[in-house]
Amino acid sequence: MYAFNYHKASSVADAAARLSAGVDAKLLAGGQTLIAALKMRLAAPSDLIDLGGIAEMRGVRTEGGKLVIGAMTTHAQVAASQDVRQSMPALAVLAASIGDRMVRNMGTLGGSVANADPAADYPAAVIGLGATIITNKRGIGADDFFKGMYETALQPGEIITQVAFPIPQKCGYAKFANPASRYAIVGVLVAQTGGGVRVGVTGAGPCAFRVPEMEKALVANFAPDAVASVKISHTSLNSDLHASAEYRAHLVAVMAKRAVAAALGQ
Amino acid sequence: MPVKLSMTVNGKPVSAEAEPRTLLVDFIRDQLRLTGTHIGCDTAQCGACTIHLNGNAVKSCNMLALQAQGATITTIEGITGPDGSLHPMQAAFRDHHGLQCGYCTPGMVMSAIDLVKRHPHPSEQTIRAELDGNLCRCTGYHGIVKAVEAGAKAMG
């Protein structure tokens with residue numbers, strides 16, 4: 001690991017000031033991806049600004065039909081939250097399926113969303129539930145947030161403080177996990193809301209995306225079989241040693257079917 | 001530049017200086033000389049470095065020592081009785097062939113204690129799922145699962 005300057009931020013404003021003051025400063029959330037990247041010298045920031053001491057960035061609360069989760073809330077905390085388990089059990093299931101217990105005790109919602117790993121779980125929830133990413137500067141809609149592999153709409157100096165998830169009528173998550181890392185080879189979150197149905201897919205493409213054909217089919221008939229016949233094109237999907245693009249395309253339909261079944265409690 | 005670092009380790013206050021890039025596991029092993037916490041893979045996969053940070057199991061090779069500023073830490077050395085007797089979970093690992101070479105054992109035991117705290121009566125399935133982040137290359141896990149079942153009963 002290359003040397004860097006370390007700062008423990010006392011507040012979001014303090015973190016923002018230090019972030020803009022550093023030559024190549026980076027934020028440290030739970031560090032479950034970043035520390036590994038630093039060790040492999042894949043990242044070499046001049047300054048690390050640790051968000052771990054900012055109490056206002058942690059916790060889950062219900063507010064006006066939304067579940068607002070602090071960016072520094074750990075996966076284990078999301079999975080154990082009674083509010084989450086009651087109003088959107090799929091999000092608790094998703095959080096409980098990330099990595100392993102020790103990773104879930106450190107890794108955070110905000111860190112995962114900001115990193116935008118194509119195989120991370122949370123992006124499926126952000127897209128599938130139509131969440132709003134709240135930063136120190138603005139709110140960013142789910143459909144505008146993920147821009148590509150590890151790319152987001154976040155501007156330099158911008159810090160995710162909370163994520164607001166609208167509470168759906170029903171939601172379900174299904175993942176075909178890599179057996180070693182538990183990252184999603186394909187993960188699908190399906191949510192039924194008053195306004196329609198959203199289908200968020202992670203793991204399959206460069207970043208999480210929606211499947212409008214499936215959403216349309218599920219509005220007409222919210223049942224597992226409704227999505228089974230929707231064909232997904234593999235042309236823009238990921239292909240690697242874990243799965244080919246064709247296989248991932250197939251898995252999207254299978255996981256969507258299971259996610260709908262989960263949403264229906266089947 | 002070294003930074004001053006204070007935390008509570010195994011019930012005792014500790015103060016030392018560490019470079020920002022020092023990993024918690026290196027701080028524990030090299031500066032505190034608590035070498036029971038092992039470095040297996042150094043890539044956050046094997047779980048041999050598992051410790052408790054404010055009561056929760058974490059991988060000490062995948063965090064900076066400075067992230068534990070002001071925290072309460074328990075390592076494998078901190079779980080034995082005041083007279084040096086084994087923790088019930090350690091005793092269960094010995095009794096049920098939960099180890100062979102023993103390299104993964106400190107991490108297994110720390111994870112197992114965290115698991116039992118949340119699941120006082122864990123099923124075999126729960127134990128296997130919860131120990132997902134701890135790798136053992138000797139036992140084939142059967143002895144470990146039996147040990148955790150017995151350890152959970154003994155802890156109850």
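Letters A, B, ... mirror the listed sequences (proteins, then strands); counts begin at 1.
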I'd like to know which of [options] tops the heavy-atom pair count under 4.5 Å against chain A.
{"options": "B/Leu135, B/Asp132, B/Leu131", "answer": "B/Asp132"}
{"options": "B/Leu64, B/Thr50, B/Leu53, B/Thr43", "answer": "B/Leu64"}
{"options": "B/Met1, B/Gln45, B/Arg118, B/Glu130", "answer": "B/Arg118"}

Check your understanding: What part of A/Leu34 lies closer than 4.5 angstrom to a heavy atom of chain B: side chain, backbone, both or neither?
Key ->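 Contact with chain B is absent: no heavy atom of A/Leu34 under 4.5 Å.
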Check your understanding: Side chain, backbone, both or neither: which part of A/Leu48 has an atom under 4.5 Å from a heavy atom of chain B?
Key ->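 Looking at A/Leu48, just its side chain touches chain B.
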Practice item. Take the angle between the ring planes of A/His75 and A/Tyr122 and call it parallel below 30°, perpendicular above 60°, tilted in between. Key: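 Tilted, since the angle between the ring planes falls between 30° and 60°.
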Check your understanding: Does one side chain, of A/Tyr150 or A/Asn115, offer a donor that lies under 3.5 Å from an acceptor on the other?
Key ->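 Result is no, nothing qualifies.
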Check your understanding: Is there a donor-acceptor contact under 3.5 Å linking the side chains of B/His52 and B/Asp114?
Key ->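 No, no side-chain donor-acceptor contact under 3.5 Å.
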Review point. Can you tell which of A/Gly52, A/Ala36, A/Gly31, A/Ala3 has the highest number of heavy-atom pairs within less than 4.5 Å of chain B?
Key: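 Most pairs with chain B among the choices: A/Ala3.
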Under 4.5 Å heavy-atom distance to chain A, tell me which part of [X] shows up: side chain, backbone, both or neither.
{"X": "B/Leu115", "value": "neither"}
{"X": "B/Val3", "value": "neither"}
{"X": "B/Leu23", "value": "side chain"}
{"X": "B/Gln67", "value": "both"}

Check your understanding: On the ring face of A/Phe4, is B/Arg21 found with NZ or CZ under 6.0 Å from the centre and within 45° of the axis?
Key ->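 No.
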Point to revise | Backbone of A/Ala174 reached by a side-chain donor or acceptor of A/Arg258 within 3.5 Å | key: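 No, A/Arg258 side chain to A/Ala174 backbone: no donor-acceptor pair under 3.5 Å.
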Point to revise | A/Gln266 CD: over 12 foreign heavy atoms closer than 6.0 Å | key: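 It does: A/Gln266 CD has more than 12 such atoms within range.
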Check your understanding: Taking atom NZ of B/Lys146 as the centre, does the number of heavy atoms from other residues, nucleotides or ligands within less than 6.0 Å exceed 12?
Key ->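 Not more than 12 within 6.0 Å, no.
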